[in-house]
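Single-structure report; data block below.
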Amino acid sequence: MKSVFEENLNPEQLEAVKHIDGPLSVIAGAGSGKTRVITYRVAYLIDQGIKPNRILGLTFTNKAAGEMRQRASSLLGRPLPPPLMRTFHSFGVRVLRNEIQHLGYTKRFVIYDEDDSVRAIKEAIKSLKLEKGPFSPKEARVAISREKNEVGLDRSLPLRKSSHLTLLRAISESYHSILKRNNAVDFDDLILLPLRLFEDYPRVLRSYQKRYRYVLVDEYQDTNAPQYRLVKMLCRGHKNICVVGDPDQSIYRWRGSDIRNILNFEKDFPGARKIVLEQNYRSTTLILDAANSLIRNNSQRSTKNLRSLLGEGEKVHLFIAEDYEIEADFVVSTIQKLVQKQKLKYRDIAVFYRTHAQSRIIEEYLLAEKVPYAVVGGVSFYRRKEIKDIVAYLRIIASPSDLISLLRIINVPSRKIGKVTLDKLAAASLKKRLTMYEMAKEADSLTKVSPSTRKTLKSFVQMMDEFREKAKSTPTDELTKEIIARIGYYEMLKKSFPEDAEDRIDNLRELIDTMTSFLEDNPDAGLDDFLERISLISDVDTWEDEKNLVSLMTVHNSKGLEFDAVVIVGLEEGIFPHINSLDDHDKLEEERRLCYVGATRAKRFLYLTAAESRLRHGEYQANEESRFISELLDDRCD
DNA sequence: TTTTAGGGCTTTTTT
DNA sequence: AGCCCTAAAA
């Protein structure tokens, strides 16, 4: 009798699933059943008697991790523990929560996002007493992050003057000492600090090596050097590593991901088995032909050609609009046509663009025609001012040494604590070697600050201490409501933002709802757990595919998804490929891979659009048709 | 000393 | 839309 594995997998997939011990790489073309292989393989391992908690699957988004765990558990007919599949970053957090004391932080560390990091770098620059440097705090953050993500690579920083390099080193050092003082880590640290732990504390490494006997890495083409090193260290003893990826879908090189990781796998793991999946189960032939003919123009790739069994299907449609408004109008009428004539649901349709800025005009036209839609990403929920403000309160409650959060809200709503007072407070805290929070608690010793301001500082600290006490016995959603009421945040919003205060209040209500449902799913979760959760959430994670809405997103965000109909807009030289990539061969190939990712999301209908003229920075600008159009179509279009 | 208003600038992609 | 900077009001 055939098992569920033989029944549902083709020979190559089955081979990958049944490979148990030793290194294995699976080159999985777009739509070739990559997720299926991973979930069946996990189920197979467990079926063979391997305990679920000995398996570690690493992905890039929580959504992918959750989906794979769910599918594996429904295959097995029993629930699986959450740690089985997780993101690189949440794995890093888990390691740090257990071991970070070795590195001089405490368990309740906070995770800084990019905005927080930029603020911390500003503080760093300030403490070095630098006037306007050769780069902005934002640029410094990018350079520092880049350096951190290239640990182990011999690429040097892209700076010409060595004086800049020295300066950057100084800023970096100061930034990291601020992070440590604040008991904070940035995104990069979530990988780098576990790596350092593993390198410097062999006992710690051994305990993780012993625990995870089977390691699986999804989207392997997008791992960067530190992530790769982390994985290699974990598998050093048993070499039971399975990586799944597709070099043609590598689109995060700019973030340090290294295509060589997947191309060199066999060198790093001698004797590795390699399986190539070329059978595509997603798209019709004409769509796949277009994608294949596009990607053939890249010189850096492992030769592989996807085959479809789904029949020829519809031709790829091309529409060149005179301007971007006509393009938007075409997108909307196409969506309506697909819904009426092809009986597609809104949720089966997606619009992809190269940059977020392109979404606005599409949204306008969708809104006007009452087509329901959802934008994935953009100004993401957790980066909105009102959300970040309230989260900053929660962070200080969890971790009083968090200076960046303190600076954010100590005067929000206004408590008449301005720049001058803060400077005095900072100077005094430096002198007494106290955190700013501790210094505010002892405001009485601040002789240079007026008595009334001293009182304000003390009562602020007292309030926060009260909240901290309360947090021990109050659920996070209740606590948040109390904070908002106590500080009069809604009233402040109404005063400061008369136009959109209601929207902002709604956002905060949504935040509280998120907490409530998080508590329902995780009854034992405390404030720390919630803060960790929202730090690691990505745009795609918040996308709700069960609602019947047209999806709008960047091509980057579309990775790993599929839709019956896909519209890729703005196929113009300078937009897609992006202007910053035009004069660099490698960057151009990455743009092409990005376009390939977008095109291969489509199951049955693929539309390409471009505008001959587009409003940019207040001026009309004429754009050439993207080279990708002819590479894709090659006379196969309508 | 703090707050407010106005002008300039920004975004390529993100865990 | 939000942030920084500056100058003037409160």
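In what follows, every chain begins at residue 1, and chains take the letters A, B, ... in the order their sequences are listed. What you are looking at is a predicted structure, and each value in this text was computed from that prediction instead of being measured.
Contacts of A/Phe187 with the nucleic acid, taken as non-hydrogen atoms under 4.0 Å apart, include base atoms. Counting non-hydrogen atoms under 4.0 angstrom, A/Arg504 reaches the backbone sugars and phosphates but no base. Contact annotation for A/Glu590: no contact, since no heavy-atom pair falls under 4.0 Å across all strands. Among the heavy atoms of the strands lying under 4.0 Å from A/Asn411 are primed sugar atoms or P, OP1, OP2 only; no base atom is included. Note on A/Ser450: nothing from the nucleic acid sits closer than 4.0 angstrom, heavy atoms only. Among the protein residues, A/Lys587 comes within range of no part of the nucleic acid, since none of its heavy atoms lies under 4.0 Å from any strand.
Look at CG on A/Asp503: it is 11 Å from P on C/dG2, rounded to the nearest Å. Taking atom NZ of A/Lys495 as the reference point, atom P of B/dT4 lies 6 Å away to the nearest angstrom. Summarising the geometry, the separation between CG on A/Asp115 and P on B/dT11 is reported as 12 Å, rounded to the nearest angstrom. Summarising the geometry, the separation between NE2 on A/His89 and P on B/dT14 is reported as 14 Å, rounded to the nearest angstrom. Note: NE2 (A/His356) to C1' (B/dT12) measures 9 Å, nearest angstrom. Protein atom CG of A/Asn580 is 13 Å distant from nucleotide atom P of B/dT10, rounded to whole Å. Separating the NZ atom of A/Lys416 from the C1' atom of B/dT3 is a distance of 8 Å, rounded to the nearest angstrom. C/dC3 atom C1' lies 11 Å from atom CZ of A/Arg408, rounded to whole Å.
Contact between the side-chain N/O atoms of A/Lys388 and the OP1/OP2 oxygens of C/dG2 is not found at any separation under 4.0 Å. For B/dT15, neither phosphate oxygen OP1 nor OP2 lies less than 4.0 angstrom from any side-chain nitrogen or oxygen of A/His556. Residue A/Thr554 places none of its side-chain N or O atoms closer than 4.0 Å to OP1 or OP2 of B/dT12. Between A/Lys138 and C/dC3, a side-chain N or O to OP1/OP2 separation shorter than 4.0 Å is absent.
Side-chain contact between A/Arg592 and A/Glu631: present, with at least one pair of heavy atoms (C-beta onward) separated by less than 4.5 Å. For the pair A/Ile38/A/Asp218, a side-chain contact is recorded, criterion being any heavy-atom separation below 4.5 Å from C-beta on. Residues A/Tyr353 and A/Val555 are not in side-chain contact: their nearest non-hydrogen atoms beyond the backbone lie 4.5 Å or more apart.
Here the nucleotide nearest the side chain of A/Lys122, chosen from C/dC3, B/dT3, B/dT1, is C/dC3. For A/Thr421, taking side-chain heavy atoms from C-beta onward, the closest of the listed nucleotides B/dT2, B/dT12, B/dT14 is B/dT2. In this structure, the nucleotide among B/dT1, B/dT15, C/dC3 sitting nearest to the side chain of A/Asn557 is B/dT15. Of the candidate nucleotides C/dC3, B/dT15, B/dT12, B/dT12 has the atom nearest to the side chain of A/Thr355. Which of B/dT12, B/dT15, B/dT1 sits closest to the side chain of A/Glu591 comes down to B/dT12. Proximity note for A/Lys385 (side chain, C-beta onward) versus C/dC3, B/dT1, B/dT13: the nearest is C/dC3. For A/His578, the side-chain atoms get nearest to B/dT12 when compared with the rest of B/dT12, C/dC3, B/dT2.
Pairing partner, B/dT14: none, since no Watson-Crick or wobble contact has both distances short of 3.5 Å. Under the Watson-Crick and G-U wobble criteria, each requiring two contacts below 3.5 Å, nucleotide C/dC5 is paired to B/dG6.
Judged by a 6.0 Å distance limit and a 45° cone about the ring axis, A/Arg509 is positioned over the six-membered ring of A/Tyr490. With a 6.0 Å cutoff to the six-membered ring centre and a 45° limit on the axis angle, A/Arg141 does not count as a cation-pi contact of A/Tyr175.
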Just do the side chain to side chain donor-acceptor pair (under 3.5 Å) check on A/Thr59 and A/Thr87 with the steps written out, would you?
-> CA-CA 5 Å; A/Thr59 67; A/Thr87 64; 5.8 Å; no
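Straight-line distance between the P atoms of B/dT11 and C/dC5: roughly 15 Å, to the nearest whole Å.
Per the stacking criterion (ring centres < 5.5 Å, plane angle < 30°), A/Tyr252 does not stack onto the base of B/dT14.
Toward the 5′ end of DNA chain B lies the nearest nucleotide of A/Val420, the other residue of the pair A/Val420 and A/Arg354 mapping further downstream. Nucleotides of DNA chain B nearest to A/Arg415 and A/Arg255 differ in position, and the one nearer the 5' end is that of A/Arg415.
Taking the centre of each ring, A/His556 and A/Tyr252 come in below the 6.0 Å mark.
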